[in-house]
Asker: 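Questions regarding the structure given below will be posed in turn.
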Amino acid sequence: MSHLFALLIPTLVTLSSIVLGESAQLSPLAPQPDWSTLQRYTGTITAADFEQLLQQVYVPDGSWRQWISLTPSQALITPYPASAPISLELAPAGSSLKIPTRFWKAREERSPQPGKPLAGLRIAIDPGHLGGAFAQMEARWFRIGNSRPVEEGEMTLMVAKLLQQRLERMGAQVWLTRIKNGATTSLRPGNLKNAAIGSLQEEGARLPITAERLQHEEERLFYRVGEIRNRASLVNTKIKPDLVLCLHFNAEEWGNPNHPSLTEVNHLHLILCGALSEQELRHEDERYTMLVKLLDGTHREELGASETVSRSLASATGLPPFVYHGQKAIPASGNPYLWLRNLLANRIFECPVVYCEPYVMNSRAVFNRVQQGDYSGRRNINGVSLPSIYREYADAVAQGLADYYGGGTQ
Ligand SMILES: [Zn+2]
């Protein structure tokens, strides 16, 4: 770390003079959108449905009006500041809607098979985070003394592999976005200096860009942004699934990973794409991908599948719903487990996403279960008979999908 610091000092002097430029119109590492592709949605949505999705799901603060204006027959969409708007023809009110051209199929487009509730369904499982050599860099690792480390990236991969077997037994075709711990992207923090400078400048021109902040941002752009973008590219161009399952374990602040604080708090929630802020919407790529999600009709599927998965997870785990305070998330429906929140990993997968956040890893109860590893059957853990936490998670998600697509396990 010290050699990096020494190398960076001379360059820092010149950085402060760089003015925030065009690059800030895109979020970090985002490709330039091709707005002409939105024409494939011609006549696929009415003005009323468009406005309802913008106002109630995707941009509830109303700032979409700075970029989009709706008449009964067309949407005028401004691709970037001061550009002429592009026009999208809307479906007349009350008309029967055309399904947009998209690679995934909604539940109602499938033909169920008896005994195989997921027959023909294409599912990509995204085991959250990288794990392995990067677990500490991505701050998804802690241990107590000589305990088994609690490592989210490894835990999500274990659930993913168990879940794959269960979904395949019900007829689904399943892909994992990673099959081992580590990175799928070939990017590394050392390649990302310019992007990191750009993103730090956008955060606040008055804060000095120290070597420590720069390194931290280069690493974040690697393990969070570059890695997720690579997985999304795999999903959107190769796997082309009907659904992505993003698997995570939640946590409360644990402080020092070698002396973490444990908590009695434990909870569950699922995240649906939505609730973009005015500031996020200033990124051209975020506006574009939000519109693709909206016009593809993903919200209805995300809501339906997340409803049944939240019910089966809540029933299997007994966990109470997590409650967000602040602006970044809002309730998605009357179901207290479902929240709308704009994450890279639920926005850039171009299909419905069920994004699971069960269990607080540094709760005493979950920590004790993680120490047991994976096992079949049940074990007595502090006086309670429990299945492996990984199997409980995988069984519940599989059940929730069977309930959604097949009306229950058959
Ligand atoms: Zn996570």
Side-chain angles (χ1 to χ4, degrees), residues 124-143 148-163 176-185 216 219-232 234-235 244-255 257 260-263 265-273 275 302 306 309-310 313 317 319 321-324 326 328-329 337-349 353-363 365-367 369-370 389-390 392-394 396-397:
I125 304 179
D126 183 35
H129 309 284
L130 288 71
F134 300 109
Q136 284 162 284
M137 180 197 285
E138 63 181 349
R140 292 296 186 279
W141 181 100
F142 71 84
R143 78 189 309 177
R148 181 195 289 258
V150 177
E151 184 184 311
E152 187 181 354
E154 181 181 73
M155 292 163 61
T156 58
L157 185 59
M158 288 167 70
V159 178
K161 289 179 175 173
L162 292 163
L163 182 53
L176 270 56
T177 57
R178 67 180 171 94
I179 53 170
K180 58 185 195 316
N181 288 322
T184 68
T185 176
H216 194 262
E219 291 175 355
R220 191 189 71 84
L221 292 184
F222 153 65
Y223 66 72
R224 178 112 0 112
V225 182
E227 177 62 22
I228 291 174
R229 287 201 174 281
N230 193 56
R231 294 185 198 184
L234 178 70
V235 164
V244 173
L245 290 170
C246 291
L247 303 180
H248 289 259
F249 286 79
N250 211 339
E252 295 281 322
E253 190 61 50
W254 63 54
S261 40
L262 294 187
T263 172
V265 175
N266 204 356
H267 44 63
L268 157 71
H269 73 295
L270 282 80
I271 302 172
L272 288 71
C273 183
E302 284 189 1
S306 299
V309 172
S310 75
L313 271 169
T317 63
L319 292 172
F322 174 67
V323 179
Y324 279 93
K328 66 182 174 188
Y337 290 99
L338 304 188
W339 292 85
L340 295 169
R341 186 178 169 191
N342 176 28
L343 300 173
L344 186 65
N346 64 11
R347 188 179 70 247
I348 65 174
F349 293 123
V353 174
V354 171
Y355 192 109
C356 305
E357 283 279 11
Y359 308 111
V360 170
M361 289 185 289
N362 59 323
S363 71
V366 172
F367 176 80
R369 294 182 76 180
V370 172
I389 193 168
Y390 307 103
E392 181 177 271
Y393 192 162
V397 174

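Whatever order the structure lists them in is the order used to number ligands and atoms, beginning at 1.
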Asker: Can you tell me the N, O or S atom of Glu152 that's nearest the Zn ion (ligand 1)?
Answerer: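 Nearest N/O/S atom: OE2.
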Asker: Examine all N, O or S atoms of Glu357, backbone included, and report whether one is under 2.8 Å from the Zn ion (ligand 1).
Answerer: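 No - counting backbone and side chain alike, Glu357 has no N, O or S atom under 2.8 Å.
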Asker: Have a look at the Zn ion (ligand 1) and estimate, to 10 degrees, the angle subtended by ND1 (His248) and NE2 (His129).
Answerer: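 Approximately 90° at the metal, rounded to tens of degrees.
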Asker: Quick check: does any side chain N or O of Glu357 sit under 3.5 Å from a backbone N or O of His269, one acting as donor and the other as acceptor?
Answerer: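 No.
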Asker: From Leu343 CG over to Tyr355 OH, what is the distance, rounded to the nearest 0.5 angstrom?
Answerer: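 Output value for this atom pair is 5.0 Å.
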Asker: Can Tyr359 and Arg369 be counted as having a side-chain donor-acceptor contact under 3.5 angstrom?
Answerer: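 Side-chain D/A pair, Tyr359 to Arg369: absent.
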Asker: Report yes if some heavy atom in the side chain of Val150 is under 4.5 Å from a heavy atom in the side chain of Phe249; otherwise report no.
Answerer: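 Heavy-atom side-chain distance check fails, nothing below 4.5 Å.
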